[in-house]
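What follows is a short report on a single structure.
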Amino acid sequence: MNAAGPERYRWHAVPDEPSLRQAAYEAILAGAARAIHERGQFHLVLAGGSTPRGVYHALGAAKTDWSSWHIYFGDERCLPPGDSARNSRMAAAVWLDCVPIPPLQVHAIPGELGALQAARMYAETLHAVGDFDLVLLGLGEDGHTASLFPGHEWGTAPGAPDTLAVFDAPKPPPQRVSLSAARLSRARQVVFLVSGESKHTAVGAWRAGKDIPARAIMPAAGVDVLVESALLAPLDV
Ligand code: 6PG
């Protein structure tokens with residue numbers, strides 16, 4: 001078992017997707033209130049994919065000091081800016097375009113430039129940013145998170161680049177940009193949102209200590225995993 005042993009993971013079992021959404025909503029607003037109280041700013045990294053969509057939508061009606069929020073993306077798909085499959089477009093459509101976060105504080109990954117250029121530019125954006133207050137992450141069926149895929153570089157080593165250009169991603173589109181595991185781990189809190197039977201095997205592998213990308217995320221404070229309780233049941237092998 002590596003340094004991130006079981007105690008580094010706090011598994012929060014919830015009965016279903018609506019409860020997961022509610023728990024995530026509360027965790028994000030609590031993280032925002034704490035960061036704004038302590039430092040006057042809240043630096044939040046968004047997960048892509050479909051699981052967080054409902055949470056983002058709910059945040060559109062939240063009461064908070066939006067002027068103190070700073071938004072980043074854990075990964076992006078290299079598609080045109082207006083493409084609805086872009087993680088930044090998804091978040092904007094259901095939430096960010098509906099609340100008064102200053103536009104200069106929403107830092108989309110310029111995926112339209114191609115993985116290499118976009119990764120380079122986003123690394124410059126992150127250069128001036130310290131530890132994130134909260135990082136949200138999803139989990140793929142193969143154990144990937146952000147755009148860190150099995151068999152690809154995850155950027156775990158000290159001194160690893162903040163961003164990685166990803167080619168031949170097994171989940172379309174093939175070209176993506178991801179924050180590295182090391183950069184995603186520079187966070188006061190990391191919360192995974194895991195929902196859907198298709199993730200059962202990956203959760204099992206994770207808890208069995210298998211070397212999947214999700215295990216490469218190792219913030220000092222440990223990791224919180226919001227997960228549907230059915231996915232914690234032993235797999236019928
Ligand atoms: C992406 C995501 C990816 C996602 C997982 C889970 O751009 O595809 O960042 O890491 O979080 O694949 O996706 P779902 O939530 O759609 O199951």
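Just follow the structure's listing: the first ligand is 1, and inside any ligand the first atom is 1.
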Should side-chain heavy atoms under 4.5 Å link Ile, Leu, Val, Met, Phe, Trp and Tyr, which residues sit in the same cluster as Met121? Leu113

Of the backbone atoms (N, CA, C, O) and the side-chain heavy atoms from C-beta on, which set of Asn87 has a member under 4.0 Å from an atom of ligand 1: side chain, backbone, both, or neither? side chain

Quick look: Asp75 vs ligand 1, heavy-atom contacts under 4.0 Å, and the answer is side chain

Nearest non-hydrogen contact with atom 3 (C) of ligand 1 belongs to which option: Ala146, Gly138, Gly49, Ala169? Ala146

Proximal ligand 1 atoms for Lys199, defined as those under 4.0 Å from one of its heavy atoms: 6 (C), 14 (P), 17 (O)

Looking at Arg120 and Glu124, is any side-chain nitrogen of the basic one under 4.0 Å from a carboxylate oxygen of the acidic one? no

Just verifying a value: how many Å separate Ile71 CD1 and Phe42 CZ, rounded to the nearest 0.5 Å? 7.0 Å

With a cut-off of 4.0 Å, which atoms of ligand 1 are near a heavy atom of His144? 3 (C), 5 (C), 10 (O), 12 (O)

Contact with ligand 1 for Arg176, non-hydrogen, under 4.0 angstrom: yes

Around atom 6 (C) of ligand 1, find the nearest protein heavy atom and jot down its residue, atom name and distance. Leu139 O, 3.5 Å

When you look for heavy atoms under 4.0 Å from ligand 1, do you find them on the side chain of Glu76, its backbone, both, or neither? neither

A student comparing Thr51, Asp142, Leu193 should find that the heavy atom closest to atom 15 (O) of ligand 1 comes from Thr51

Tyr9 and Trp206: aromatic ring centres closer than 6.0 Å? yes

Which residues share a side-chain hydrogen bond (donor to acceptor under 3.5 Å, both in side chains) with Arg53, sequence neighbours left out: none

